[in-house]
Amino acid sequence: MQIRTEGIVIKELRFKETSKILTIYTKDYGKVHAMARGAYRPKSQLIANTQPFSYNEYLFFKGRNFYYINQGDIIDSFYSIRENINRVMYGSYILELIELSTLEEDKNEKLFLLLQKGLTVLSELDEDFLKFIISYELKYISFLGYRPSLDRCVVCNRKSFKSFKFSINRGGIVCSSCFSTEPCCEYMDIIMYKAMKALLYTPLDKVSSIKIPKDTTFKLHEIMVKYILNRIERKGFNSLNMLKSMKNNGGV
Ligand SMILES: [Zn+2]
């Protein structure tokens, strides 16, 4: 069976001498595993279409265990992501997120469009990576069905309160009368709260216009990572561990 769909390469694995097994997030079929035969041959026509980040229109043959790439036409190589270490690191995190949190052949077009938009914005980003990535995380987890509840206390439903925390378990803010009985609550002040709301609802390509103090972005990112890991039932992200050890070594 021949099928045609757009897709973005999220992972590559060498297979035998010259082939690759790719994980591709496609617009019409969700995450698929695809064999690119001979992709490592110097003259292969698939070299550009089988690199992580590259965005292509593919013609697949669907076999029993794999999709086989018959043809790939490049839509955007996102080459400029590879020209900047921060773009590569945060880009790898974006790819790892989708790799770890989606099931095979589970179509989610919103997620695909977010991935595509995220890589597009990232490919031109020079600063404030964390602000961008928090906004991406908030949208991503929302499209998975876990949008944080920010308008009322997730326990008692009250709408107005002075102080609050963020509950990882319940995925939203908890008011001061409720947080003493809630486990896994994260510190959150009004600046963090407003920043989280702004980053959730502002389109990715407009995020750079929002002003957020640096330490607020650090704290928010920590909360988001905990929240995402809790929801997708994972222990950690290799890409973020790598980023951390690079920053500790003064690399970035
Ligand atoms: Zn409450």
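Every number for a ligand or one of its atoms is a count from 1 in the order of the listing.
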Checklist line | Min side-chain heavy-atom separation Met196-Phe166 under 4.5 Å | finding: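 The answer is yes; the side chains approach within 4.5 Å.
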Note to self: With heavy-atom distances below 4.5 Å as the criterion, would you say the side chains of Val225 and Tyr93 are in contact?
What the structure shows: yes
Check: Do the rings of Phe61 and Tyr68 sit parallel, tilted or perpendicular, given the 30° and 60° boundaries?
Finding: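 Phe61 and Tyr68: tilted rings.
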Under 3.5 Å, side-chain donor or acceptor atoms of residues 15-37 against the rest of the protein: list the pairs with distances, not counting sequence neighbours.
residue : atom : partner : partner atom : Å
Ser19   : OG   : Gly38   : N            : 3.2
Lys20   : NZ   : Glu12   : OE1          : 2.7
Lys20   : NZ   : Thr50   : O            : 3.1
Lys20   : NZ   : Thr50   : OG1          : 3.1
Thr26   : OG1  : Tyr29   : N            : 3.0
Thr26   : OG1  : Gly30   : N            : 3.1
Thr26   : OG1  : Gly30   : O            : 2.7
Asp28   : OD2  : Thr5    : OG1          : 2.9
Lys31   : NZ   : Glu99   : O            : 2.9
Lys31   : NZ   : Thr102  : O            : 2.7
His33   : ND1  : Glu104  : OE1          : 3.3
His33   : ND1  : Glu104  : OE2          : 3.4

Next item on the list: Verify the distance criterion only: is there a donor paired with an acceptor across the side chains of Glu222 and Tyr187 at less than 3.5 Å?
Entry: no
Checklist line | Atoms (protein N, O or S; no water) under 2.8 Å from the Zn ion (ligand 1) | finding: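 Counting protein N, O and S atoms closer than 2.8 Å to the Zn ion (ligand 1) gives 4.
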Checklist line | Cationic N near anionic O, under 4.0 Å, Arg234 to Glu96 | finding: no
